[in-house]
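Per chain, numbering begins at 1; letters A, B, ... match sequence-line order. The structure presented is a predicted model; accordingly, all values stated were derived computationally and were not measured.
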Amino acid sequence: MTEEIAKRWSNEIEEQITQKWVEEEPFKFNVDDVIKNNKKVYSIDTPPPYVDAPIHIGQAVTYSMMDMFARYKRMKGFAVLFPLGLDRNGLPIEMAAQKKFNITPEQVGREKFLEYCRQILEESSNESIKTFMRLGISFNSYKFGENIGQAYMTDSNDYRLLTQKTFYEMWKKGLIYEGNYISNYCPGCKTTLADSEVVYEERTKKLWYVKFKVKETDETIIIATTRPELLGSCKAVIFNPDDDRYKHLQDKTAITPLGDEVKIFASNYASMEFGTGLVMMCSFGDLTDIRFFREHKLEPVILIDENGLMNEKAGMLKGLTVEEARKKIVEWLKQNDAITKEETITARVPVCERSKHQIEFIQVPELYLKQEAFKQELMEIAKQINFYDEASRQMLLNWIESINQDWPISRKRYYATAIPLWYCEKCGNPIIGDEQKYYEPWKDKPPVQQCPKCKHTKFKPETRVFDTWFDSSISCLYILGYKKHDDFFKIAFPCTLRPQGKDIVRTWLYYTLLRVYLLLGKAAFKDVWINFHIVDAKGKKMSKSMGNVIDPKQLIEKYGSEALRLWCVVEANITKQDMKCKEEKIKAETKTITKLLNIARYIAQFDYVDESHISNQTDKSFLEKLNELIDLCDKCYDTYDFHNPAIKLKHFLWEVFASHYIELTKARAYSNDKSAVATLYAAMKRLLLLLYPIIPIAASYIYERLFKADILHENFPAKINIKAEVDFSKIQEINSIIWKYKKEKGLSLKAELASAVLPELHKDVIEDLKRAHNIKQVFSGDNIKIE
RNA sequence: GGCCCCGUGGUCUAGUGGUUAAGACGCUGCCCUCACAUGGCAGAGAUCCCAGGUUCGAAUCCUGGCGGGGCCACCA
């Protein structure tokens, strides 16, 4: 007796099945088996979500899609490496700790502060993991551990040790150096930022018109500036070479309100339209200033210190933040009658991607990883990888093209991977750690007793930590067991797929390709799948402040995870554009699940008949349509396209299978015609297998009841070996005409028809048509006619 | 300023040289027919952004325009 198939789909069924998957770990990655039996590996470098935030709709959708990739590849015989990672590094943890315990790292000291951070992480709910479980994401394991395929955390000693190991490798190759350059500095995060972490935003700013004097002629000139606090670092006043108003000032000397004397000359950097056409060049208000100083070999005066405060060179502004300094100098200038006008302008300003504070440019020593020298090679790498969608490649190429300095990898922060360096107190010689353990120099001793250069025995520990992307950019190496499981790594590298959002192309994707290229000389991935975002029903970006955030947990609660999974592939192609999220559309997909369930219930009332009994031409004609679908799905799934197959599968389910085939063959099925029943089972089996990657929970539920087997162990279906004489579309067409005729005549669908003229078709098909539509007599002819 | 993507019924999407331009959501009407009322059937609703061009033929290819979006560079 077949176990009863539910009439309605429910969250209880979903929970029961997904719970079982979590407990029994059927997707476990077996490294030994892979190595011993030389299995082909398909690996996914999953993007670790941030621990403390519950997962958002975009993650729910993209992880569901990754799950489809993973499940499809398993059906195709791959050993699929699909690990769950959690990102636990970086500033958000520090900020949360500071806020919750109302402390600052400066107050409590490094070790104590790290403890507070760990406490925050300890209390983190792991909410995201529960949602992944509920969505049926087939991670290799939901248990944390250090074996291949187990769930991992980016702040584990194991992960951090690999970060340090790769650091040694690059250090030894001479790719890392200490440089004292102008860096992006975020006053909010109190740290240096790489260019990739800087974005531009439209902001309103004040523009002040300040009086300068010309020394030689004593005339007053007016200069517009948004950065009066940098007046003390002014080294030149410029005007556009075509600006007739100021040509007479060439090579004269300007006196700033502070009394400094600077040269006046022409430069293309000045635009005639902006302000008064005269510009004061300071060190450094923006990137143009930096370039200008370099080109004119001017000695910069740095007024802002490593902490973002005005230093002693700033005179009366010393100790103030930049904001405070600006206020104070404006007041002072006003008192001295040096300001003629004040305007509000809008301009695009560089801001910190995370905290949105305006970037300052300050000079700080940082460790740099060489990248500028490898632009060409990386462009080549970018061209070798398959991009899905192909158009996404351009985002990466654009970014590589625009790189114009090396990557600062050190940060003055705390909760991140330690930089394993010590410096000889006598000669300053840097000492690196070794691969034995994860080092924290401020509390660990270096692996050597004395400085190899001067034999001195005292060392100063490095207290800076790595940029969080320096960790993240080796995730693909970590999951493949780099420098740990050499025999596995050898066969599994490069990683097959990197799935990720378009917003982190210039960080996560770029840095990973850079790191892996520098370490191994190859592309890190075979395929890269870039997703766009989920936006609200109106196409607006979801944000807490707008109040338009859609919580995936609530959607699952209301409609189930299968409806959500089906919706996200049917709705649109997320690799091409943002996808709008409308609840009604998700709700609508519950109907498809119900339909599938009910077709299964219909089939289950007949005793199973195997495929060898398929002989009827109607049946063969129908199955041939399914064969086409098998081909299409296979071809599309292989290129990460689930959108088009999902639409076709839905259509097949509703139209071809339910409306036409089942209605046409009911008479035969109820009279236990072996060919008809065998066809129902054969078709349903294929259809479930095709749907399985998309809606695995429902597919496995039905499969188990109809075929008494676990769908997880099945292969991707092969085409059914049949040859049909009739095109099923032709049959559908005739059905529609007859249904429409009866409708128009106000006849019931069961009403008897005296006769019909139908095209020449196989007798099996004519017989089914006669019984389905209750036609007494059928004549053949080219024009369909019903009476 | 450079590069890229998109513009199909009210809404969201398919279709990428020849189709009566497809589907879903929404809307209207009829029907509880023994798998399914979380259903079935039917209907209304599209100058396929505009203008040229290529072609026997264009929503589909080309050019220009208009509109929307993205990435990068960036004005003191």
Hey, does the Lys NZ or Arg CZ of Arg705(A) hover above the aromatic six-ring of Phe707(A), less than 6.0 Å from the centre and inside 45° of the axis?
-> no
State whether Trp208(A) and Arg326(A) meet the cation-pi test: NZ (Lys) or CZ (Arg) under 6.0 Å from the six-membered ring centroid, and within 45° of the perpendicular axis.
-> no
Residue whose nearest RNA chain B nucleotide is more 5′ - Thr594(A) or Asn644(A) =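 Mapping each residue to its closest nucleotide by heavy atoms, the 5'-most match is Asn644(A).
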Comparing nearest nucleotides in RNA chain B, the 5'-proximal residue of the pair Gln577(A), Thr592(A) is Gln577(A)
Nucleotide nearest [X] (side chain, heavy atoms from C-beta), chosen from [options]:
{"X": "Tyr200(A)", "options": "G39(B), C74(B), C36(B)", "answer": "C74(B)"}
{"X": "Asn573(A)", "options": "G39(B), A14(B), C36(B)", "answer": "A14(B)"}
{"X": "Lys502(A)", "options": "A14(B), G70(B), A24(B)", "answer": "G70(B)"}
{"X": "Ser659(A)", "options": "C71(B), C12(B), C41(B)", "answer": "C41(B)"}
{"X": "Arg8(A)", "options": "A24(B), U38(B), C36(B)", "answer": "U38(B)"}
{"X": "Lys7(A)", "options": "U13(B), A37(B), A73(B)", "answer": "A37(B)"}
{"X": "Glu584(A)", "options": "C36(B), C25(B), A73(B)", "answer": "C25(B)"}
{"X": "Ala588(A)", "options": "U38(B), A73(B), A24(B)", "answer": "A24(B)"}

For [X] and [N], give me the distance from atom [atom1] to atom [atom2], rounded to whole Å.
{"X": "Asn240(A)", "N": "C75(B)", "atom1": "CG", "atom2": "C1'", "value": "12 Å"}
{"X": "Met579(A)", "N": "G69(B)", "atom1": "CE", "atom2": "C1'", "value": "17 Å"}
{"X": "Phe284(A)", "N": "C75(B)", "atom1": "CZ", "atom2": "P", "value": "14 Å"}
{"X": "Ile599(A)", "N": "U38(B)", "atom1": "CD1", "atom2": "C1'", "value": "14 Å"}
{"X": "Lys591(A)", "N": "G26(B)", "atom1": "NZ", "atom2": "C1'", "value": "11 Å"}
{"X": "Tyr510(A)", "N": "C71(B)", "atom1": "OH", "atom2": "P", "value": "19 Å"}
{"X": "Met395(A)", "N": "G2(B)", "atom1": "CE", "atom2": "C1'", "value": "17 Å"}
{"X": "Lys582(A)", "N": "C25(B)", "atom1": "NZ", "atom2": "C1'", "value": "7 Å"}

Determine the interatomic distance between [atom1] on [N] and the same-named atom on [M]; round to the nearest Å.
{"N": "G17(B)", "M": "C75(B)", "atom1": "P", "result": "45 Å"}
{"N": "G40(B)", "M": "C32(B)", "atom1": "P", "result": "16 Å"}
{"N": "C61(B)", "M": "G23(B)", "atom1": "P", "result": "23 Å"}
{"N": "C62(B)", "M": "G1(B)", "atom1": "C1'", "result": "26 Å"}
{"N": "C4(B)", "M": "A44(B)", "atom1": "P", "result": "44 Å"}
{"N": "A51(B)", "M": "U8(B)", "atom1": "P", "result": "16 Å"}
{"N": "G39(B)", "M": "A46(B)", "atom1": "P", "result": "27 Å"}
{"N": "C36(B)", "M": "G26(B)", "atom1": "C1'", "result": "23 Å"}

Any side-chain donor paired with an acceptor under 3.5 Å for [X] and [Y]?
{"X": "Arg8(A)", "Y": "Thr594(A)", "result": "no"}
{"X": "Asp768(A)", "Y": "Thr618(A)", "result": "yes"}
{"X": "Asn573(A)", "Y": "Thr575(A)", "result": "yes"}

Please work out if [X] contacts a base, only the sugar-phosphate, or nothing of the nucleic acid, heavy-atom cut-off 4.0 Å.
{"X": "Glu663(A)", "value": "base"}
{"X": "Thr226(A)", "value": "sugar-phosphate"}
{"X": "Glu401(A)", "value": "nothing"}
{"X": "Lys648(A)", "value": "nothing"}
{"X": "Ala600(A)", "value": "nothing"}
{"X": "Lys585(A)", "value": "base"}
{"X": "His651(A)", "value": "nothing"}
{"X": "Trp654(A)", "value": "sugar-phosphate"}

Could you identify the nucleotide paired to [N], looking across every strand shown and requiring Watson-Crick or G-U wobble geometry with both distances under 3.5 Å?
{"N": "U47(B)", "value": "none"}
{"N": "C12(B)", "value": "G23(B)"}
{"N": "C75(B)", "value": "none"}
{"N": "G57(B)", "value": "none"}
{"N": "G39(B)", "value": "C31(B)"}

Got a salt bridge between Glu343(A) and Lys341(A), using NZ or NE/NH1/NH2 to carboxylate O under 4.0 Å?
-> yes
Under a 4.5 Å cut-off applied to non-hydrogen side-chain atoms, are Trp567(A) and Lys587(A) in contact?
->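 With C-beta onward as the side chain, the pair stays apart.
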Can you check whether Arg348(A) has a side-chain N or O nearer than 4.0 Å to OP1 or OP2 of C75(B)?
-> no
Decide if atom CD of Glu557(A) counts as having more than 12 heavy atoms of other residues, nucleotides or ligands within a radius under 6.0 Å.
-> no
Should we count NZ of Lys206(A) as having more than 12 external heavy atoms under 6.0 Å?
-> no
Could you tell me whether the side chain of Lys595(A) has a donor or acceptor atom within less than 3.5 Å of a complementary atom in the base of C36(B)?
->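 Per atom types, the contact qualifies.
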